[in-house]
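The structure appears below as structure tokens.
Note that ligands are numbered from 1 as they come in the structure, with each ligand's atoms numbered from 1 the same way.
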Amino acid sequence: MRTRTMLPYGRQTIEDDDIEAVAAVLRGDWLTTGPTVTAFEEALAAAVGAPRVVSCTSGTAALHMAYAGAGVGPGDEVITTPMTFVATASSAVALGAKVTFVDVEPDTANIDPAAVRAAITDDTAVVAAVDYAGHPAELDELNEIAHAHGALTVEDAAHSIGATYRGRPVGSVADLTTFSFFPTKNMTTAEGGGVAALDPAIAQAVHEFHFIGLVRDRDRMRYPDEGPWHQEVHSYGVNYRLPDVLCALGLSQLAKLARFKARRTEIFARYTEGLADVAGVTPPVVRDHVDPTWHLYPVRILDGRRREVFDSMRERGIGVQVNYLPAHWHPLFEDQGYRRGQFPHAEQFYAEELSLPMWPGLTDQQVDQVIEELRTSLSA
Ligand SMILES: *Cc1c(COP(=O)(O)O)cnc(C)c1O
């Protein structure tokens, strides 16, 4: 049998000038920790409206850094959503924190502020939201609840760079915002990520954590007279540095983000319009006060038919995906006492969710083909 190429649910858009930008850095003096890192971080900060962004090697690394910068440690609690990629929760486990899941809003699948309000305690260090599919969470309410308890907000914006919430860019609203530049995301550096922080001291802590914990400011050194070569480590850190080579790709991609977003918005509208008369599905909702960057198109397949429709679409060459297995179903969290059935909104969403192909390079014709294949799969 001839293998048919599968239309993927997400993929990168790499153009000749992206390749040129990377090649130019490869020909230069700095492969890593040079001027292109600084340029990328400054451009990101300007784009997302944050005083500082620290680049890093993945969205998972970004979450680890954000929690570390927020001071999360043993005995602390991190409240988060089950409707996410597991890293939002597991990165807090890495620092010894207890993860408290709370349920999502039934329509957006974003963390429910009322559930956060009910669960927050004096041990809560962070409330971590996810902008599911690119639709920002209720950030103002989450900030208010967290700050009233002395906690910080972390926004996992792996899906939503370029989006706005009440007219403010994602990256300028939560205390810390994390990004992923994995190839399926809204822009890519192959592997990569970033952390935006509103407080400069927290941003510096995030930077030092991802840079082995090295302190290079003489005023803060315990032994400042050791010599010109001297640097000190005051607390544990990792090496999550994103090299100049990949920052060059990031800079080049960032300049295209508005165009990528506009195309994703068009595709979103085409799917929603095309699915309007299809029985047995519910298209995603959009709140009035947000302007999403659509990383996913999460259609809901009703009447218990998701698995059947998934298999049928894959058979027809449409690389649909399911995002995500509820995070508390992973054995890591099951072994901490979480059980299936605990978060009915998230679990029902998971049972119905199907991600249709969504990336800027899709043609209108391909979008229409996906809609037709879905119609056919449902009428079987
Ligand atoms: C992709 C993703 C991550 C992790 O990013 P990586 O760059 O793959 O490590 C974290 N959270 C969410 C919601 C994601 O979609």
**OP:** Please say whether more than 12 non-hydrogen atoms of neighbouring residues, nucleotides or ligands are located less than 6.0 Å from CG in D277.
**Re:** yes
Original post:
Is the shortest heavy-atom distance from the side chain of F85 to the side chain of H159 under 4.5 Å?
Top reply: no
Original post:
Which is closest to atom 15 (O) of ligand 1 by heavy-atom distance: H64, M83, H159?
Top reply: H159
**OP:** Please could you name the atoms of ligand 1 that K185 approaches to less than 4.0 Å, counting only its heavy atoms?
**Re:** 1 (C), 2 (C), 3 (C), 5 (O), 14 (C), 15 (O)
Subject >> Interfacing atoms of ligand 1 (cut-off 4.0 Å, heavy-atom, S58) >> reply: 7 (O), 9 (O)
Original post:
Nearest non-hydrogen atom to atom 11 (N) of ligand 1 belongs to which of D156, T178, T188?
Top reply: D156
Original post:
T60 to ligand 1: N or O pair under 3.5 Å?
Top reply: yes
Subject >> Test of proximity, G59 against ligand 1: N or O pairs below 3.5 Å >> reply: yes
Subject >> Protein residue, atom and distance nearest to atom 3 (C) of ligand 1, heavy-atom basis >> reply: F85 CD2, 3.6 Å
Original post:
Do other residues, nucleotides or ligands put more than 12 heavy atoms under 6.0 Å from R259 CZ?
Top reply: yes
**OP:** Using a strict 4.0 Å cut-off to heavy atoms of S180, name the atoms of ligand 1 that fall inside it.
**Re:** 1 (C), 5 (O), 6 (P), 7 (O)
Original post:
So F349 and Y132, would you call those rings parallel, tilted or perpendicular, with 30° and 60° as cut-offs?
Top reply: perpendicular
**OP:** Could you tell me which atoms of ligand 1, counted from 1 in the order shown, lie closer than 4.0 angstrom to a heavy atom of A158?
**Re:** 2 (C), 11 (N), 12 (C), 13 (C), 14 (C), 15 (O)
Subject >> Residue E273 excluded, over 12 heavy atoms near CD under 6.0 Å >> reply: no
**OP:** Return yes when Y132 approaches ligand 1 closer than 4.0 angstrom through a heavy atom, no otherwise.
**Re:** no
Original post:
Between F343 and H328, how do the two ring planes meet: parallel, tilted or perpendicular, split at 30° and 60°?
Top reply: perpendicular
Original post:
Are more than 12 heavy atoms from other residues, nucleotides or ligands located less than 6.0 Å from atom CG of D122?
Top reply: no
**OP:** Take every heavy atom of H295, measure it against each atom of ligand 1, and state whether any distance is under 4.0 Å.
**Re:** no
**OP:** Give me the ring orientation class for Y297 and F268: parallel if the planes are under 30° apart, tilted from 30 to 60°, perpendicular past 60°.
**Re:** tilted
**OP:** Identify, by atom number and element, the atoms of ligand 1 in contact range of T84, meaning under 4.0 Å from any of its heavy atoms.
**Re:** 13 (C)
